[in-house]
Amino acid sequence: MKKTGLILSICALFFALFLQGCGKVKEEKNEPRLLLGVSQIGSESAWRIGNTKDIEEEALNYGVGLMLENANQKQENQIAAIRRFIAYKVDVIAFSPIVEEGWDNVLKEAKDAGIPVILVDRDINTSKEDLTTCLIGADFYNEGVMAAEYLKRKADSLQMDHVNIVEITGTENSTPMRQRQAGFFDTIKDDKRMTILESIDGDFLTSRGAECMRYLLDTYGSEIDAVYSHNDEMTIGALPEIEEAGFAPGKDMIIISIDAGQEAIDVLKEGKINCVVECTPKLGKALMETALKLKNGEEVDKVIHPEELCFSDEMDTSTIAPRGY
Ligand code: GYE
C-alpha cells in the first residue's frame with residue numbers, strides 16, 4: 001500500500017509540474033511579439049471597414065498586440081493618437097494619413113522617441129527625411145491609368161467621337177485623390193475625344209457623391225457621357241441621382257468606380273456600373289510582417305504595392321469571386 005501511495009504522489013508531482021510547464025508555455029505564447037499602435041482614418045467606406053478588420057485579424061494571426069484608434073475623419077485626432085502611442089512606448093506606429101500635409105512635428109516626435117513609423121494605405125508630403133520607414137498601400141496612379149484605359153476602350157467600342165467626363169474625386173489633398181486623378185488625366189490627355197467637364201470633391205462619402213452628382217446633372221445634364229468616381233461609396237450615392245434625372249447609368253452614361261467592394265461588384269453585374277478598378281484593403285499581412293522586421297532591426301522594402309485588377313463589362317462578371325469587403 002505504502003509503495004502505491006508513493007508512486008501516486010510521484011505521479012501527482014509530475015502531473016503538477018507538467019501543468020505548470022504548460023502554463024509557462026501558454027503564458028509565453030500569449031505575450032505579444034510586439035506592440036503596434038495604429039491610427040485609422042475613420043469608417044467612411046466599405047474599403048476602410050474592410051481594412052480595419054483585416055488589420056485586426058492579421059494582428060491576431062501574427063501574435064501582435066494592437067492599439068487601434070479610429071480618428072473619425074479628423075487629422076487632429078490622428079495626431080493625438082500618434083502622441084498617445086509615443087507616450088505608451090509602443091514598438092512600432094502605423095497610420096493612414098487622411099491628407100498628405102501636416103505631419104512633420106508629430107513624426108519628428110516619434111523619431112526622437114526611436115519609434116519606427118509605417119505609412120499604411122496613403123502617403124505624406126514632407127521635405128524632411130526619414131520620418132517614416134516605408135509605405136504599404138496601393139499604386140493609386142496605376143488605378144487612375146486603368147480607369148482611363150478602360151474608358152478609351154469603351155469609347156472605341158461605342159465608336160464615340162467625343163467623351164465628356166465628370167470626375168467626383170476623393171478627399172482633397174489625400175494621396176488616392178491626387179494620384180487617381182493624375183493617372184487618369186495623364187492617360188487621356190493625348191486623346192482628342194476626351195474632355196473633363198468638371199472635377200468636384202466628393203470626400204469619399206456616399207452622401208457627397210449624391211450631392212455632387214445632383215449638381216453635375218443640374219449643370220451639364222445630357223452633355224455628360226462618363227462619370228469617373230474615385231470610390232464605390234460616391235458612385236453608389238451618384239447612381240440614384242442619375243436615374244432620377246431620367247438617365248440609365250451604365251447605358252446613357254459610362255460609370256467608372258474604384259475599390260471593387262462587393263456592393264459595387266453587384267451593381268456592375270446589374271449593368272449600372274461599367275468598370276470598377278480594384279483597390280484591395282487587405283494590407284494587414286504585409287503590415288504585421290514589416291512591423292516585426294522593424295522590431296528586429298531588419299531592413300524593409302520602401303514601398304509595397306499589392307497586385308490589383310480591373311473588373312468591367314468587358315468580362316464575364318459572373319466569375320468574379322466574393323470580395324470579402
Ligand atoms: O479608395 C476609399 C477610402 O485610401 C484607398 O479611402 C483608400 C480610399 C478608398 O475611403 O474608399
Side-chain angles (χ1 to χ4, degrees), residues 38-55 70-75 77-78 94-101 103 118-125 132 135-147 167-184 199-210 212 227-239 255-268 273 275-284 286-287 303-311 323-325:
V38 176
S39 168
Q40 179 59 286
I41 291 177
S43 321
E44 75 280 6
S45 60
W47 190 99
R48 187 68 52 201
I49 292 163
N51 179 247
T52 303
K53 193 168 148 244
D54 184 61
I55 291 174
N70 181 325
N72 292 312
Q73 261 50 56
K74 291 207 165 57
Q75 183 172 28
N77 290 347
Q78 289 202 284
F95 80 116
S96 300
I98 183 158
V99 289
E100 292 193 346
E101 276 79 20
W103 303 100
I118 302 172
L119 293 167
V120 182
D121 162 34
R122 301 185 184 178
D123 207 351
I124 58 165
N125 186 13
T132 57
L135 168 71
I136 302 168
D139 183 344
F140 300 127
Y141 184 89
N142 191 46
E143 292 172 355
V145 171
M146 284 198 273
E167 182 190 35
I168 307 178
T169 70
T171 307
E172 217 181 339
N173 300 327
S174 69
T175 314
M177 179 266 152
R178 287 180 172 165
Q179 297 292 317
R180 285 172 183 168
Q181 182 169 73
F184 189 85
S199 295
I200 181 167
D201 174 15
D203 205 14
F204 285 128
L205 300 172
T206 310
S207 57
R208 285 285 302 145
C212 292
V227 180
Y228 171 43
S229 154
H230 285 197
N231 87 340
D232 291 345
E233 271 62 33
M234 298 189 296
T235 312
I236 285 158
L239 294 180
I255 312 292
I256 303 175
S257 187
I258 302 188
D259 276 357
Q262 191 59 53
E263 199 179 349
I265 293 297
D266 292 342
V267 181
L268 170 75
I273 292 180
C275 169
V276 195
V277 175
E278 180 184 39
C279 179
T280 179
K282 296 185 180 156
L283 307 173
L287 172 60
V303 181
I304 298 177
H305 285 323
E307 290 271 320
E308 294 183 329
L309 304 169
C310 180
F311 304 107
R323 305 289 300 146
Y325 62 97

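Keep in mind that the numbers below use all heavy atoms, side chains included, and drop hydrogens, waters and symmetry copies. Whatever order the structure lists them in is the order used to number ligands and atoms, beginning at 1.
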Distance flag, aromatic centroids of Phe204 and Trp47, threshold under 6.0 Å =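 They do not qualify: ring centres at least 6.0 Å apart.
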
Would you mind checking which non-hydrogen protein atom is closest to [atom], with the distance to 0.1 Å?
| atom | value |
| --- | --- |
| atom 11 (O) of ligand 1 | Asp259 OD2, 2.6 Å |
| atom 8 (C) of ligand 1 | Arg122 NH2, 3.6 Å |
| atom 7 (C) of ligand 1 | Asp121 OD1, 3.4 Å |

Side-chain donor-acceptor pair present, [X], [Y], cut-off under 3.5 Å:
| X | Y | result |
| --- | --- | --- |
| Asn173 | Glu101 | no |
| Glu167 | His230 | yes |
| Ser45 | Asp232 | no |

Enumerate the atoms of ligand 1 whose separation from the nearest heavy atom of [X] is less than 4.0 angstrom.
| X | value |
| --- | --- |
| Pro176 | 4 (O) |
| Ser45 | 2 (C), 3 (C), 10 (O), 11 (O) |
| Cys279 | 5 (C) |
| Phe140 | 5 (C) |
| Glu44 | 3 (C), 6 (O), 10 (O) |

Testing Ile98, Ile49, Asn51 for side chain to side chain contact (heavy atoms under 4.5 Å, CB included) with Gln40, which one passes?
->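 With Gln40 as partner, Ile98, Ile49, Asn51 yield a single side chain to side chain contact (heavy atoms under 4.5 Å, CB included), made by Asn51.
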
Proximity to ligand 1 by part of Arg180, non-hydrogen separation under 4.0 Å =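 Near ligand 1, Arg180 shows its side chain, while the N, CA, C and O stay back.
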
Below 4.0 Å from any atom of ligand 1, is there a heavy atom belonging to Ile258?
->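 Flag not set, Ile258 not near ligand 1.
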
Please confirm whether Ala138 comes under 4.0 Å of ligand 1, counting heavy atoms of the residue only.
->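 Judged by the 4.0 Å heavy-atom criterion, Ala138 does not count as contacting ligand 1.
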
Do the side chain of His305 and the main chain of Gly137 share a donor and acceptor less than 3.5 angstrom apart?
->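 Judged by distance alone, yes, a pair lies under 3.5 Å.
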
For Val277 against Met146, the heavy-atom pair lying closest together |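 Closest approach of Val277 to Met146, heavy atoms only: CG1-CE, 3.7 Å.
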
So with a 6.0 Å cut-off around CD of Glu100, is the heavy-atom count from everything else above 12?
->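 Atom CD in Glu100 is crowded, with more than 12 foreign heavy atoms closer than 6.0 Å.
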
